[in-house]
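Bear in mind that the values here come from a model prediction, so they are computed numbers and not experimental data. All ligand and atom numbering here is 1-based and tracks the order in the structure.
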Amino acid sequence: MTLSTSELTFSQQRNTAPKSEAERAAILADPGFGDYFTDHTAVIDYKVDAEGQGGWSNARIEPYGPIAMDPAAAVLHYGQEIFEGLKAYRHADGSVWTFRPEANAARLNASARRLALPELAPELFIESLRQLVAIDRDWVPSGDGEALYLRPFMIATEAFLGVRPAREVSFRVIASPAGNYFGGELKPVSIWLSTGYARAGEGGTGEAKCGGNYAASLAAQLEAEAHGCKQVLFLDPFNDNAIEELGGMNIFFVFKDGRLVTPALNGHILHGVTRASVLQLAADRGMKVEERKITIDEWRDGVASGDITEAFACGTAAVLTPIGELKTADGVIASPGSGAGEVTMSIREQLLGIQTGAIEDLHGWLTRLA
Ligand SMILES: *Cc1c(COP(=O)(O)O)cnc(C)c1O
């Protein structure tokens, strides 16, 4: 039977052995990033029936725990998987809000189309977040810069080794309390320039948020770590070494004359929600924003001439992070300054302020979850 979205209501099976209040308090005192998970998970199943009709069913909240899956499940062999990432923020009055979830819902569906997975109604996506955060609301941290990181994902669960889109799929949401992504104080990060590896290419999956892109970035990530860097910058080697993005973050440059420049979405750059929000906030302040091609040569020359004064990376997990230096096999070729830039920090504070309810949400970006 095919169920339409509006017919789906969540059933709820409570975790009978949740973390104790003391255990939770200990975790929330130093949550780190991605190390701990809440007591529950949201799940919705998808199946294509004998008539070839696909539909979502069995929306539920269940205890967090291992997934029982057939060893032949398609996701384990062919990587048919997509994911999302967004945060739930606790406001001063105790209420819990999330940021632009409809953008994540739309992006999940764009990724689904690329990976031949089924689309999920945006209302159902947001309802799954609401259900999970409602039951696990005590896990939403309230410290400065802290939030509950929400990780929706979709996997091909059908046991079948032939290569075609799976007819059984599972959508899930897990949640993880999060402190500062890079740990400790906000220090500018060092970036490694990957020349041997590309993250994405024309017609590939670069624009989709899929696990495979991340798996493909790990060898470059190891190279970065071996050179003392935290993140990798990827270029488009077939397009004058145009700057694309980091393994999981978009990139911006602040110019001396007040311009803000970021690589244009070219079909293989991820459409970051943070990226779109930064562009809007910068335009609101009267900055001239440019989405265009920017090459590694322009970065190097811009820093040398003083035209480029700041560079930062951005994404949900780390918000805005100043880039300290760019290292390559030939040494440091660009260093936009060792401290955190003024513009970077100002936009970062404004964005965090909106997300945490300290600054008025003039764009209607917040949705209440609990
Ligand atoms: C998720 C992601 C981003 C950042 O997107 P946000 O919506 O801002 O969190 C940037 N690049 C890649 C490759 C990503 O996967």
**Message:** Could you tell me, atom by atom, which parts of ligand 1 come under 4.0 Å of a heavy atom of Gly247?
**Reply:** 13 (C)
**Asked** Among protein heavy atoms, which lies nearest atom 8 (O) of ligand 1, and at what distance?
**Response** Thr274 OG1, 2.6 Å
**Message:** Among all protein heavy atoms in this structure, tell me which lies nearest to atom 11 (N) of ligand 1, with the distance rounded to 0.1 Å.
**Reply:** Glu245 OE1, 2.5 Å
**Asked** Between Lys288 and Glu290, is there a side-chain N and carboxylate O pair less than 4.0 Å apart?
**Response** yes
**Item:** Per-atom contacts of ligand 1 with Gly272, taking only distances under 4.0 Å to non-hydrogen atoms
**Value:** 5 (O), 6 (P), 7 (O), 8 (O)
**Message:** As a check for students: among His271, Met249, Arg199, Arg107, identify the option with a heavy atom nearest to atom 13 (C) of ligand 1.
**Reply:** Arg199
**Asked** Any nitrogen or oxygen of Thr316, main chain or side chain, under 3.5 Å from a nitrogen or oxygen of ligand 1?
**Response** yes
**Request:** Please state whether the rings of Trp97 and His91 are parallel, tilted or perpendicular, taking 30° and 60° as the class boundaries.
**Result:** parallel
**Prompt:** Is there a donor-acceptor contact under 3.5 Å linking the side chains of Gln231 and Trp192?
**Reply:** no
**Request:** Would you check the N or O atoms of Val273, main chain and side chain alike, for any that come under 3.5 Å of an N or O of ligand 1?
**Result:** yes
**Item:** Distance from atom 1 (C) of ligand 1 to nearest protein heavy atom, with residue and atom
**Value:** Lys209 NZ, 1.4 Å
**Asked** Taking side chain as C-beta onward, heavy atoms only, is Leu108 less than 4.5 Å from Phe171?
**Response** yes
**Tyr46 vs Ser170 side-chain heavy atoms within contact, under 4.5 Å** = no
**Request:** Among all protein heavy atoms, pick the one closest to atom 3 (C) of ligand 1 and tell me residue, atom and distance.
**Result:** Gly248 O, 3.3 Å
**Item:** Identity and distance of the protein heavy atom lying nearest atom 15 (O) of ligand 1
**Value:** Tyr214 OH, 2.5 Å
**Request:** Report the relative orientation of the aromatic rings in Phe37 and Tyr64; use parallel for angles under 30°, tilted for 30 to 60°, perpendicular for over 60°.
**Result:** parallel
**Geometric cation-pi criterion, Arg164 with Phe160: 6.0 Å, 45°** = yes
